[in-house]
Amino acid sequence: MTDMIAVAYRDETTAQQMLAELHILKTERSLHLADAVLVTRDEGGKVKIHSSENPVVDGAVSGAIWGGLIGLLLLQPLLGAAIGAATGSVTAAVSADEDDNTAFINQLGHRLQPGGAAVIALVIDATEEKVLPRIAPYGGDLLHTSLTLAEEQRLRAAINPHPTWAGEPTA
């Protein structure tokens, strides 16, 4: 099961460092990360999503397109049509998903303080006893999770044991 975790930071630099740490943990196989994005809110209140690329989706779409072209070139119209239909389905599904995700991420971004940033990660699996100590020094404020209440409380205690700041919405 994939869990979404969104953590707000006071500044973009800290959020970028946290994102880099997540990628290191992924490389070390302590964290199975499906995707992660950086979201910033500038002093004027504008939200920007700095998305990472998803090579699996890009590869599937690219492969389907090339397969369709090759099928047409080899005079296999039915094969070309089938591949074209698959391509359309994949593209539509990905686009619809991206629209929903983008809207939700923008909504979270508007909860940030001006000048703040957030890391939003889709976590498939994590070795909690290895990951929590590594992310704790970055602090942060939990904006959203799909974790169980007990898991959320452990994460919140690790990243913000003495809460003095919250990334709540501003007027």
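Here, residue 1 is the first one in the sequence, and each next residue gets the next number.
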Can you tell me how far the [atom1] atom of [X] sits from the [atom2] atom of [Y], to the nearest 0.5 Å?
X	Y	atom1	atom2	value
Asp125	Thr2	CG	OG1	10.0 Å
Arg29	Thr127	CZ	OG1	11.5 Å
Lys46	His110	NZ	NE2	10.5 Å
Met4	Asp35	CE	CG	9.5 Å
Ile49	Asn106	CD1	CG	4.0 Å
Leu143	Ile120	CG	CD1	7.5 Å

Tell me, do [X] and [Y] make a side-chain contact under 4.5 Å, heavy atoms counted?
X	Y	result
Gln153	Leu149	yes
Asp141	Val7	no
Ile159	Leu142	yes
Val39	Leu108	no

Would you please name every residue forming a side-chain hydrogen bond (donor to acceptor under 3.5 Å, both in side chains) with Asp11, sequence neighbours left out?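 Result, side-chain hydrogen bond (donor to acceptor under 3.5 Å, both in side chains) vs Asp11: Thr14.
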Partner residues of Thr13 under the side-chain hydrogen bond (donor to acceptor under 3.5 Å, both in side chains) criterion, sequence neighbours left out: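 Once residues adjacent in sequence are excluded, Thr13 has no partner under the side-chain hydrogen bond (donor to acceptor under 3.5 Å, both in side chains) criterion.
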For a side chain to side chain contact (heavy atoms under 4.5 Å, CB included) check, start with the C-alpha distance between Leu38 and Gln16, then their side-chain angles and the critical distance, and finish with the verdict. CA-CA 7 Å; Leu38 176 69; Gln16 287 174 339; 3.7 Å; yes
For Leu112, does its backbone N or O pair with a side-chain atom of Arg41 as donor and acceptor, under 3.5 Å?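 Answer holds: yes.
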Between Leu33 and Leu22, does a side chain to side chain contact (heavy atoms under 4.5 Å, CB included) hold up when you go through it step by step? CA-CA 8 Å; Leu33 191 63; Leu22 291 178; 4.3 Å; yes
Check whether the side chains of Tyr138 and Glu21 place a donor and an acceptor atom closer than 3.5 Å, and report yes or no.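 Side chains of Tyr138 and Glu21: pair found under 3.5 Å.
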Glu12-Thr40 side chain donor-acceptor pair, cut-off 3.5 Å: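 Absent: no donor and acceptor within the cut-off.
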For Glu28, is there an ion pair with Arg134 - N to carboxylate O distance below 4.0 angstrom?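 Salt bridge flag = yes for Glu28 with Arg134.
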Looking at every non-hydrogen atom in both residues, tell me the closest pair between Ala118 and Ala15 and how far apart they are.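 Answer, listing the atom of Ala118 first, then Ala15: N-CB, 4.4 Å.
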Walk me through it: do Leu155 and Leu147 pass the test side chain to side chain contact (heavy atoms under 4.5 Å, CB included)? CA-CA 9 Å; Leu155 177 59; Leu147 299 170; 3.9 Å; yes
Does Val123 form a side chain to side chain contact (heavy atoms under 4.5 Å, CB included) with His32? I'd like the steps, not just the answer. CA-CA 6 Å; Val123 178; His32 188 180; over 6 Å; no
